[in-house]
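One structure below.
On a predicted model such as this, the values are computed, not experimentally measured, just so you know. Here is how names work: the chains are called A, B, and so on, in the same order as the sequence lines, proteins then strands, and each is numbered from 1.
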Amino acid sequence: MKAGLSGDRITGSLFLLIGIGAIWHAWSLDVPFAADPVGPKAFPMVVGALLAIAGASILLRPEEIEWEVGDYGRVAVVAGASFLYPLALEFLGFVPATALLCFACGKAFRGPTVGTAIASLALAAAFLLLIDTLLGLPLPRGPLGI
Amino acid sequence: MEALSSLAFGFSVAFTPFNLALALAGAALGTAIGALPGIGPINAIVLLLPLCFSLKLPPESALILLAGIYYGSGYGGRISSILLNIPGDPGLVMTTLDGYPLARQGRGAAALALSGIGSFVGGTLTVLLLTFLAVPIARLAVAFGPAEYVALMVLAFALLSTMGQGRTAKTWAAICLGLLGAMIGIDGGSGVERFTFGSLEMLGGIDFTTLTIGLFAVSEILIVAEGMRSGAVTHLGSGDRLKIGELVRCLPAMLRATGIGFFLGVLPGTGAAVASALAYTAEKRVSNRNDTFGKGDMRGLAAPETADNAAQTASMVPMLALGIPGSGTTAVMLGALLMYSITPGPLLFTQRPEIAWGLIASMYIGNVMLLVLNLPLVGLFARLLLVPNWILFPGVLGLSFAGVYAATNSMFELLLTTGIGIAAYAMRKMGIPLIPMLIAFVLARLLEDNIRRALSISDGDPMALFSSPVAILFWLLAALTLLVPVLAPHLGRRIRTVSDSEGG
């Protein structure tokens, strides 16, 4: 399937907007003191302008993009689990949170339920052992102490 | 012979038991991670980067470990390309063309051995060239003032945009995004906050490990989750081992490929993907008499493998001598150096010789180590291909986040990692290349500082950027690079089809 030209049109307009936003942001910076005659404004403005030009060029001359149809449900599960992970990390501690993340992701990759559960726990425990115990980099411990 | 005594000094740094152990550990770990299907070299480095940092190793040791991982992961990636027909990296696509047919003929073990030897030849010959070329190039570059540096970086970006993958406009957009992303935080020259939107967490800018993990590891998992690549594992095979005669027949191909790889690797922006593609096409043109290429010709495997490694190693030349990375992996290494507050570039060889020469010496060691490690152990590493997706990718995701947390100790950085990962996933779907963005991110501070330095000498007159003959030469070359596809559309299209055929 092809996404047609709309993909490039959206990307192009987005870049155009970000570029203009960057110019505007740099323009509105309040600089009380700068050690050099150029200051912090000029560079982001030039880069923003370049981005806007690149965006406009993509917008005005869109090309077809080869678009493979995939399973966006799986992408959403993995992305959603990743967003919730920091929260779980804070309340549950490293091993439970990571096991949950791995379980959700494993199910998204069509793993068998029991196997995925076992693998998730094993992975989480292995990372804790490797990073926290062996390398000595503290990972957050939850109420269970793991 | 000054280079030889410096190299001897480098070996004295690299040959401490601790650094040797790190090189070995790096090569083994890198091979293991690189061998996992779909996890390319850059992902292997990126995954282990936060752990390297949090270990608080001295910079030369950290770099030696990273170089080991870099070499190892390159080799590991070949295992999945040859046995599984899944290249983990654009540079490895050409490997599958003749490597996979060889594996299907039951000669997987021979193909892997040949690929290891080819990489060794390409890598070692290139390090040899690097040893003698790096200092003269660096010496030329010592005379560069800020204006020359600005022009040189613009030239590097121009090369990236015309020679790399993807449309020129999209590469420029990626470069600009990388530059803007690096501006987030407090500006060193004036203390002004830029692009922080009042967020305290953003004051220090985007953490490098956060960026790389999000950009490569997380986006890769999302891409795989969407498409669910799968491949049938071909077994190592019981066919004949690699014969000396076959190896000898491949030697001319390896030497030609080393030349191509070195030349393209030194140019910023072209990198290993283009080098291996060109080496394969060139070899096919020279040697394909009986139409055996693509059906398991040994030379068709040796050429891209050798060129790939030669280009990977050669891209260290601009990184070390000029401070300008030409590939994604060297950009990661440059970022690593910057995190140690070491600015690579011409002065590195005189000011921090233990880093520059220690790294070069460790590249010799890494090449030998890989050969020694992999020829007997390849069967063991090949087992890693059998890890099912539903264990592999959750594991990679978990390790990514654990690494980011270990390096930053911040929940916010975890959220940012996911955010960057999703953005990078969308960019890949839209054909926006990620590596130019990473290179621009790493170079941004250097570029801005040099522009501001050049203009403060001239009190704000922008003509200062075009004041010296060398700077003007670089600007002209940059303009020429940008104009080539316009003036010769045929050439531009051919370069693009070569790199497009490798996929992203």
Contacting moiety of B/Ile422, where chain A heavy atoms sit under 4.5 Å: side chain

First locate atom CZ of A/Phe15, then atom CH2 of B/Trp172, and finally report the distance between them rounded to the nearest 0.5 Å. 14.5 Å

Contacting region of A/Ala79 [heavy-atom separation from chain B under 4.5 Å]: both

Relative to each other, are the rings of B/Phe393 and A/Phe109 parallel, tilted or perpendicular (30° and 60° limits)? parallel

Per-residue contact mode, A/Phe94 against chain B (heavy atom under 4.5 angstrom): side chain

Atom CZ in B/Phe401, atom OG1 in A/Thr98: separation rounded to 0.5 Å? 10.0 Å

Determine, stepwise, if the pair B/Met411 / A/Leu89 fulfils side chain to side chain contact (heavy atoms under 4.5 Å, CB included). CA-CA 8 Å; B/Met411 302 291 175; A/Leu89 201 58; 4.1 Å; yes

Quick check for you: among B/Ile391, B/Asn409, B/Leu399, B/Ile221, which has the greatest number of heavy-atom pairs under 4.5 Å with chain A? B/Leu399

So for B/Tyr425, is it side chain, backbone, both, or neither that comes closer than 4.5 Å to the heavy atoms of chain A? side chain

For the student: nearest non-hydrogen atoms of B/Ala169 and A/Ala54, plus distance: O-CB, 3.5 Å

So how far is it from B/Leu455 CG to A/Asp36 CG, rounded to the nearest 0.5 Å? 8.5 Å

B/Glu413 versus chain A, the contacting section by heavy-atom distance below 4.5 Å: neither

What do the steps show when you test B/Arg194 against A/Leu29 for side chain to side chain contact (heavy atoms under 4.5 Å, CB included), and what is the final call? CA-CA 8 Å; B/Arg194 291 190 293 188; A/Leu29 280 176; 3.6 Å; yes

Residue, of A/Val38, A/Asp30, A/Ile10, A/Val75, that accumulates the most heavy atom pairs under 4.5 Å with chain B: A/Val75

Less than 4.5 Å to any heavy atom of chain B: does that hold for the side chain of A/Pro138, its backbone, both, or neither? backbone

For side chain to side chain contact (heavy atoms under 4.5 Å, CB included), just list the numbers for A/Tyr85 and B/Leu415, CA-CA rounded to whole Å, side-chain angles, deciding distance to a tenth of an Å, and then say yes or no. CA-CA 8 Å; A/Tyr85 177 66; B/Leu415 280 178; over 6 Å; no

Could you state the interatomic distance from CG (B/Leu179) to CG (A/Leu50), rounded to the nearest 0.5 Å? 8.5 Å

Looking at B/Asp187, B/Thr417, B/Ile451, which has the largest count of heavy-atom pairs under 4.5 Å with chain A? B/Asp187

Given a strict heavy-atom distance threshold of 4.5 Å, which part of A/Phe83 is in contact with chain B: side chain, backbone, both, or neither? both

Answer key: most heavy-atom pairs under 4.5 Å with chain B among A/Val47, A/Val77, A/Leu123 is A/Val47

Using a cut-off of under 4.5 Å for heavy-atom pairs, which of A/Gly55, A/Gly115, A/Gly21, A/Ala42 has the most such pairs with chain B? A/Gly115

Least distance between heavy atoms, B/Glu448 atom then A/Pro44 atom: OE2-CD, 4.4 Å

Show, in sequence, the C-alpha distance, side-chain angles and deciding distance for A/Phe43 and B/Leu447, and conclude whether the side chain to side chain contact (heavy atoms under 4.5 Å, CB included) test is met. CA-CA 9 Å; A/Phe43 189 56; B/Leu447 179 61; 3.7 Å; yes

With respect to chain B, which residue among A/Pro86, A/Gly111, A/Ala122, A/Ala22 yields the maximal number of heavy-atom pairs within a distance under 4.5 Å? A/Pro86

Is it the backbone or the side chain of B/Ile175 that comes under 4.5 Å from a heavy atom of chain A, or both, or neither? neither

Determine whether B/Met183 and A/Pro40 make a side-chain contact, defined as any pair of heavy atoms from C-beta on separated by less than 4.5 Å. no

Per-residue tally against chain B (heavy atom, under 4.5 Å) across A/Thr11, A/Leu139, A/Ile58 peaks at A/Ile58

Heavy-atom pair of closest approach, residues A/Gly106 and B/Trp390: O-CB, 3.6 Å

Considering all heavy atoms, the nearest B/Ala402-A/Ile131 contact: CB-CD1, 3.6 Å

Engaged part of B/Asp459 at the chain A interface, taking heavy atoms whose separation is under 4.5 Å: both

Under a 4.5 Å heavy-atom cut-off, does chain B meet the side chain of A/Leu135, its backbone, both or neither? both

Could you tell me whether A/Arg74 and B/Glu226 have a side-chain N and a carboxylate O separated by less than 4.0 Å? no

Enter the distance from B/Leu180:CG to A/Ile18:CD1 here, rounded to the nearest 0.5 Å. 8.5 Å

Heavy-atom pairs under 4.5 Å with chain A are the metric here; pick the option from B/Gly191, B/Gly395, B/Ala406, B/Ala407 that has the most. B/Gly395

Working to the nearest 0.5 angstrom, can you tell me the gap between A/Ser82 OG and B/Leu414 CG? 10.0 Å

Most contacts with chain B, counted as non-hydrogen pairs under 4.5 angstrom, among A/Ala97, A/Ala99, A/Pro112, A/Ala119: A/Pro112

